[in-house]
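Below is one structure, written out as structure tokens; the observations come after it.
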Amino acid sequence: MAATSATNHAGHTADITPNTIIYRPITWKDVDAVVDLFDRTWPQDGALGGTRFSLLISKYFVLHYLQPTTFANAAFTQDGTLAGVTFIRVAGERPQLDEIDVADEMDATERLIRTNSEASKRLDMVKNAFALELDLERGSKANETTLGELELFVVNPDVRGHGVGGGLWKRMQQYLAAWDVDAFYLHTDSDCDVSFYDHKGLERIAERPAGTPIEDGKEPLFDDMFIYRGRVDA
């Protein structure tokens, strides 16, 4: 999932400039802040809206993207507020956080989600979407033509327009270039600001429209799914 939130919220941003943003790799202590930002950007709706189960599903998403990530980079304001994050994977490199620890935390999160029938149903839909993403990867040969993937990209809506997204994007490019990666891909959907990737000159190499029939009577998608491929410029 890669996007910048399309919704702005009021916040104190007068003192935020590209020079005051602090960039560093995330640690386990930062994961809750990433989950909060993810849930604010892509909250669950309906009966789950505003509940702890929305937050738990967001945590499952974040852990899913974090598990293979080799460079989880975050931007913070001077008061310690999470301004944005990128999760980046380079094929063949060791994940930044221990995969077993992340997997154990995912299992624990799933057990909590399964205590609620509506949340459990929503998690099944999430896992189905992950499987469809893999189908899109295979069909587009995304992994055969690139060595990098942008697993997650999200910017805090309170700091949009202050250079945070551009700073994270630049550091992603520098990281990929340092590992001799010349191309990368990302998954996104119509719930995200896909125009950002069009503006960056990325190529849409795969898509699956919402409502496309799915085998075995599974729930259809609510959003269009896309894969974009980009060159490393740094």
Side-chain angles (χ1 to χ4, degrees), residues 1-9 26 28-69 72 82 84-87 97 99-138 149-158 186-194 206-227:
M1 175 73 68
T4 52
S5 172
T7 304
N8 278 301
H9 299 270
I26 72 163
W28 269 112
K29 293 181 180 180
D30 302 312
V31 170
D32 285 345
V34 178
V35 171
D36 287 341
L37 179 56
F38 190 100
D39 194 64
R40 178 179 172 185
T41 307
W42 297 290
Q44 297 299 303
D45 58 7
L48 299 180
T51 70
R52 65 186 287 260
F53 291 101
S54 178
L55 199 64
L56 285 169
I57 291 173
S58 291
K59 184 175 183 178
Y60 192 90
F61 267 108
V62 169
L63 293 170
H64 170 80
Y65 297 131
L66 181 60
Q67 189 172 22
T69 292
L82 180 65
V85 65
T86 50
F87 288 2
L97 299 184
E99 287 182 283
I100 296 176
D101 290 343
V102 178
D104 288 345
E105 191 66 20
M106 287 180 69
D107 288 343
T109 301
E110 178 167 357
R111 286 195 294 272
L112 291 172
I113 293 171
R114 296 297 185 189
T115 63
N116 178 278
S117 59
E118 183 61 29
S120 182
K121 180 180 178 182
R122 199 72 58 88
L123 181 60
D124 287 338
M125 295 171 64
V126 168
K127 289 189 171 186
N128 182 46
F130 290 157
L132 293 175
E133 287 182 345
L134 293 177
D135 287 343
L136 281 180
E137 287 179 16
R138 286 188 286 267
E149 180 180 4
L150 179 56
E151 297 274 354
L152 177 65
F153 177 34
V154 59
V155 175
N156 188 324
D158 289 345
L186 61 89
H187 287 274
T188 190
D189 58 43
S190 53
D191 195 34
C192 302
D193 183 11
V194 297
E207 60 184 286
R208 186 184 182 101
T212 300
I214 300 173
E215 295 179 358
D216 302 326
K218 295 179 180 178
E219 292 284 346
L221 296 173
F222 294 113
D223 301 302
D224 301 330
M225 298 176 69
F226 311 109
I227 295 182

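Along the sequence shown, residues carry numbers from 1. Note that the coordinates shown come from a computational prediction; the quantities given were computed from them, not determined experimentally.
Using a 4.0 Å cut-off between charged nitrogen and carboxylate oxygen, D135 and R138 count as a salt-bridge pair.
Here the side chains of F87 and P68 are not in contact, with every heavy-atom distance at 4.5 Å or above. Between I57 and P43, every side-chain heavy-atom pair lies at or beyond the 4.5 Å cut-off. In this structure, the side chains of R122 and D45 come closer than 4.5 Å at one or more pairs of heavy atoms. In this structure, the side chains of R208 and E133 stay at 4.5 Å or more apart for every pair of heavy atoms. When side chains are defined from C-beta on, T115 counts as touching F53, because their heavy atoms get closer than 4.5 Å. Under the 4.5 Å side-chain criterion, counting only non-hydrogen atoms from C-beta, L66 is not in contact with V34.
Residues L136 and M225 come closest through the heavy atom pair CD1-CB, 4.0 Å. In plain terms, the two heavy atoms of L112 and R52 that are nearest each other are CD2-NH2, 4.3 Å. Counting all heavy atoms, side chain and backbone alike, D189 lies closest to V194 at O-CG1, 3.5 Å.
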**Item:** Verdict with supporting geometry, T188 and F153, side chain to side chain contact (heavy atoms under 4.5 Å, CB included)
**Value:** CA-CA 10 Å; T188 190; F153 177 34; over 6 Å; no
**Message:** The test is side chain to side chain contact (heavy atoms under 4.5 Å, CB included); show your working for H187 and E149 and say whether it passes.
**Reply:** CA-CA 9 Å; H187 287 274; E149 180 180 4; 3.6 Å; yes
**Request:** Please report the C-alpha distance between R40 and D36 in whole Å, then the side-chain angles of each, then the deciding distance to 0.1 Å, and finally whether the side chain to side chain contact (heavy atoms under 4.5 Å, CB included) criterion is met.
**Result:** CA-CA 6 Å; R40 178 179 172 185; D36 287 341; over 6 Å; no
**Message:** Please evaluate residues R114 and D124 with respect to the criterion side chain to side chain contact (heavy atoms under 4.5 Å, CB included), reporting the C-alpha separation (whole Å), side-chain torsions for both, the decisive distance (0.1 Å), and the verdict.
**Reply:** CA-CA 10 Å; R114 296 297 185 189; D124 287 338; 3.0 Å; yes
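To the nearest 0.5 angstrom, F61 atom CZ is 13.0 Å from L56 atom CG. Note that CD of E110 is 11.5 Å distant from CG of L63, once rounded to the nearest 0.5 Å. Atoms CG and CG, from L123 and N128 in turn, are 11.0 Å apart once rounded to the nearest 0.5 Å.
Under the 3.5 Å distance criterion, the side-chain polar atoms of S54 are matched with a main-chain donor or acceptor of Q44. Judged by distance alone, with hydrogens and angles left aside, the side-chain atoms of T69 form a donor-acceptor pair with the main-chain N or O of Y65 at under 3.5 Å. The backbone N or O of A210 sits less than 3.5 Å from a side-chain atom of D224, completing a donor-acceptor pair. For the pair N156 (side chain) and L82 (backbone), a donor-acceptor distance under 3.5 Å is present.
Using cut-offs of 30° and 60° on the angle between ring planes, the pair Y60 and F130 is parallel.
Taking S58 as the reference, V35, F38, D39 meet the side-chain contact (heavy atoms from CB on, under 4.5 Å) condition, with sequence neighbours excluded.
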